[in-house]
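These notes concern the structure reproduced below.
Worth knowing before you read on, the calculation uses all heavy atoms, side chains too, and leaves out hydrogens, waters and symmetry mates. We number each residue from 1, following the sequence as shown.
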Amino acid sequence: LLLVLRFISFFSESHRQDSANLLIFIMLLTLTILTIWLFKHRRFRFLHETGLAMIYGLLVGVILRFGIHVPQNMSDVILSCAVNASPATLLVNVSGRFYEYTLKGEVSRGKGLQVQDDEMLRKVTFDPEVFFNILLPPIIFHAGYSLKRRHFFRNIGSILAYAFMGTVISCFVIGLIMYGFVSFMKVVGQLGGDFFFTDCLLFGAIISATDPVTVLAIFNELKVDVDLYALLFGESVLNDAVAIILSSSIAAYQPAGDNSHSFEAMAMLKSFGIFLGVFSGSFALGVATGVMTFTKLRDFPLLETALFFLMSWSTFLLAEACGFTGVVAVLFCGITQAHYTFNNLSPDSQDRTKQLFELLNFLAENFIFSYMGLTLFSFQSHVFNPMFIIGAFVAVFLGRAANIYPLSFLLNLGRKNKIGYNFQHVMMFAGLRGAMTFALSIRDTATYARQMMFSTTLLIVFFTVWICGGGCASVCMHLSLCFIPSIKAMLDGSQRRNTKHESAWPFRIWYNFDHNYLKPLLTHSGPPLTATLPTCCGPLARCLTSPQAYEVWTQHNVIQ
């Protein structure tokens with residue numbers, strides 16, 4: 001009975017502590033929202049809500065680390081144990097009863113009296129998989145679902161060049177520069193553990209994931225040029241997908257032989273094949289799930305919205321379960337659903353899905369940035385190396401420059417609407433690091449190299465969000481990029497440009513195919529298949545065309 005009472009007491013105490021930890025994050029978000037309202041009311045643009053959330057997280061982290069000490073009773077705690085290794089599972093025999101304990105990690109590197117305080121800090125540290133499976137999906141899906149497709153596809157060639165070629169260039173430039181710094185650190189004795197060239201490349205892939213959410217929010221308020229907005233937004237959306245697959249491919253690089261970190265051509269080709277296979281598989285899965293329609297549920301908007309939400313989230317989990325990348329799958333699922341499925345939803349569901357994912361994106365984004373500030377003090381295995389940090393900042397700057405300026409020069413050779421130097425300077429300055437960089441770096445902190453990479457990544461995220469994000473408004477004003485007709489006005493019918501004729505020829509071919517065949521087949525918008533397919537395919541066209549499509553097409557012709 002005494003053991004049962006102690007277990008109940010321990011369980012209720014643990015439950016209260018977990019509730020208090022979650023309450024801390026809820027209060028952080030609440031305080032951030034109230035301060036955002038004040039900033040918007042006062043039109044204060046120097047500090048964005050993401051930077052503000054990080055500051056609040058830092059303050060709470062300082063309080064938890066240095067201001068709160070948990071009372072403790074160490075009478076029933078054994079401070080020494082004659083076990084040289086660290087087994088994954090430990091069986092303890094207490095009076096004939098066997099208890100199984102699972103190793104979660106080192107609690108403290110100091111004295112035993114720090115155990116309770118370190119345990120409290122460990123409890124406010126989330127499992128990295130929480131970010132990938134719960135917080136990242138709504139952020140990535142909202143990026144695809146809210147994509148301004150007209151301006152995105154008008155600049156599709158440049159966006160793909162920046163996202164794919166630029167990210168790879170940035171990864172290798174940063175990796176090579178960091179390898180030089182790491183080699184120098186080994187010579188002068190400033191390195192406390194193993195740090196291989198593959199680790200440097202992995203750091204380059206992680207830190208190349210840009211997340212200019214702060215800048216894009218400021219762009220909306222400043223009403224910058226729509227092409228600049230499309231270039232930055234499109235690059236950041238696809239860049240995250242490329243960075244996560246690139247980091248997975250580098251982690252999968254494994255040459256044969258004793259030295260697993262030597263260069264081998266076959267291992268490199270295998271990693272390249274993994275990159276292509278994972279990306280194409282994730283892309284196909286996201287598109288396949290994105291074209292699903294819910295025509296029969298239009299009369300029940302609540303059920304329709306719920307099914308839409310569950311199908312979107314399950315795309316991410318299905319891709320991860322199949323060995324693909326959920327970020328790529330859910331991104332293209334969002335783009336496809338915005339293009340096709342959105343047209344099949346009832347008007348109530350259209351409004352609900354937009355508002356739902358906008359809310360989830362806002363909360364998840366600010367939660368992650370608050371947690372970043374808290375992690376600076378709650379994470380137990382930070383490795384801050386001044387020389388590595390300096391090298392990382394230099395490498396990030398040069399990697400971004402090697403991405404933007406050479407590619408812009410090459411793209412301008414074939415673009416009618418040139419990417420001006422003022423655009424290039426803003427894109428260079430606006431290459432912030434954020435949620436994706438943090439999530440990739442915290443996913444593996446088991447080794448000395450990964451711990452140093454994570455600690456340095458935190459500092460880079462803080463600097464870019466506070467300095468680059470805060471100064472973006474001043475840079476735009478200095479380069480005379482503000483107060484150009486707003487994005488919303490450019491989308492009005494009176495000022496709308498013809499995307500079909502301004503885009504590259506591959507997109508014009510796709511536009512015709514999509515307008516004449518895919519949209520009539522998958523949605524109720526556009527001409528029915530009976531009007532686009534050859535006469536010989538009349539029976540098939542009538543079979544595949546829904547009554548709603550005829551009704552919408554008739555109303556469209558009457559209005560015209």
Side-chain angles (χ1 to χ4, degrees), residues 133-153 156 159 163 230 233-234 236-238 240-241 279-322 324-362 364-365 491 499 507 510-511 513-515 517-526 544 546 548-549 552:
N133 295 326
I134 297 179
L135 296 178
L136 273 184
I139 295 175
I140 302 300
F141 182 85
H142 179 263
Y145 196 60
S146 62
L147 187 69
K148 302 293 189 300
R149 295 185 302 278
R150 176 173 299 273
H151 303 287
F152 177 84
F153 287 110
I156 186 65
I159 290 172
F233 184 74
S236 66
V237 168
L238 296 179
D240 287 347
F279 188 89
S280 56
S282 304
F283 171 80
L285 184 62
V287 172
T289 54
V291 298
M292 294 182 179
T293 59
F294 314 116
T295 309
K296 302 298 183 182
L297 298 178
R298 287 174 59 88
D299 296 333
F300 305 96
L302 179 61
L303 299 180
E304 190 178 35
T305 304
L307 184 59
F308 185 92
F309 172 77
L310 293 176
M311 289 299 298
S312 305
W313 205 306
S314 62
T315 300
F316 181 92
L317 300 176
L318 178 61
E320 292 289 335
C322 293
F324 298 124
T325 299
V327 171
V328 180
V330 78
L331 169 64
F332 286 101
C333 175
I335 295 174
T336 308
Q337 287 190 339
H339 191 60
Y340 296 112
T341 311
F342 181 82
N343 296 299
N344 296 330
L345 299 176
S346 62
D348 289 342
S349 296
Q350 290 179 350
D351 295 335
R352 285 179 178 180
T353 53
K354 281 186 175 181
Q355 295 169 1
L356 173 63
F357 282 104
E358 185 178 5
L359 174 64
L360 291 176
N361 171 75
F362 174 80
E365 192 84 48
L491 289 174
T499 305
F507 176 71
W510 165 254
Y511 180 90
F513 178 76
D514 178 63
H515 179 74
Y517 303 108
L518 289 183
K519 271 198 170 182
L521 178 64
L522 300 173
T523 71
H524 307 312
S525 61
L544 296 177
S546 64
Q548 292 89 342
V552 172

Open item on the list: I'd like to know if the side chain of Gln337 and the backbone of Ser312 have a donor-acceptor N/O pair within less than 3.5 Å.
Closed with: no

Open item on the list: Show, in sequence, the C-alpha distance, side-chain angles and deciding distance for Leu302 and Arg352, and conclude whether the side-chain contact (heavy atoms from CB on, under 4.5 Å) test is met.
Closed with: CA-CA 9 Å; Leu302 179 61; Arg352 285 179 178 180; 3.7 Å; yes

TODO: Could you grab the distance from atom CZ of Phe316 to atom CD1 of Ile140, nearest 0.5 Å is fine?
DONE: 8.5 Å

TODO: Starting at OG of Ser349, measure out to CZ of Phe300 and round the result to the nearest 0.5 Å.
DONE: 12.0 Å

Can you give the donor-acceptor pairs under 3.5 Å from side chains of residues 280-288 to other protein atoms, not counting sequence neighbours?
{"from": "Ser280", "atom 1": "OG", "to": "Leu276", "atom 2": "O", "distance (Å)": "2.7"}
{"from": "Ser280", "atom 1": "OG", "to": "Gly277", "atom 2": "O", "distance (Å)": "3.2"}
{"from": "Ser282", "atom 1": "OG", "to": "Val278", "atom 2": "O", "distance (Å)": "2.7"}
{"from": "Ser282", "atom 1": "OG", "to": "Thr325", "atom 2": "N", "distance (Å)": "2.9"}
{"from": "Ser282", "atom 1": "OG", "to": "Thr325", "atom 2": "O", "distance (Å)": "3.3"}

Task: CA sep, side-chain torsions, deciding dist, call: Phe362, His142, side-chain contact (heavy atoms from CB on, under 4.5 Å) - done: CA-CA 10 Å; Phe362 174 80; His142 179 263; over 6 Å; no

Task: Residues that Ser314 engages under side chain to side chain donor-acceptor pair (under 3.5 Å), provided they are two or more places apart - done: none

Task: For Thr353, all residues meeting side chain to side chain contact (heavy atoms under 4.5 Å, CB included), sequence neighbours excluded - done: Tyr145, Thr305, Phe308, Leu345

TODO: For Phe309 and Leu360, run side-chain contact (heavy atoms from CB on, under 4.5 Å): C-alpha distance rounded to whole Å, both residues' side-chain angles, the deciding distance at 0.1 Å, then the answer.
DONE: CA-CA 11 Å; Phe309 172 77; Leu360 291 176; 3.4 Å; yes

TODO: Output, in order, the C-alpha distance, side-chain angles, deciding distance and verdict of side-chain contact (heavy atoms from CB on, under 4.5 Å) for Thr289 and Val330.
DONE: CA-CA 9 Å; Thr289 54; Val330 78; over 6 Å; no

Open item on the list: Are Asn133 and Leu317 packed together at the side-chain level, in the sense that at least one heavy-atom pair is separated by less than 4.5 angstrom?
Closed with: yes

- [ ] Please report the shortest heavy-atom distance between Glu304 and Ser346, naming the atom on each side.
- [x] OE1-OG, 2.9 Å

Task: Pairing residues for Leu135 by the side chain to side chain contact (heavy atoms under 4.5 Å, CB included) criterion, not counting sequence neighbours - done: Phe131, Ala364, Phe367, Ile368

TODO: Please name all residues satisfying side chain to side chain contact (heavy atoms under 4.5 Å, CB included) with Ile134, sequence neighbours left out, ordered by chain then number.
DONE: Val130, Trp313

Open item on the list: Could you report the tightest heavy-atom contact between Cys333 and Thr315, atom names first, then the distance?
Closed with: SG-OG1, 3.6 Å

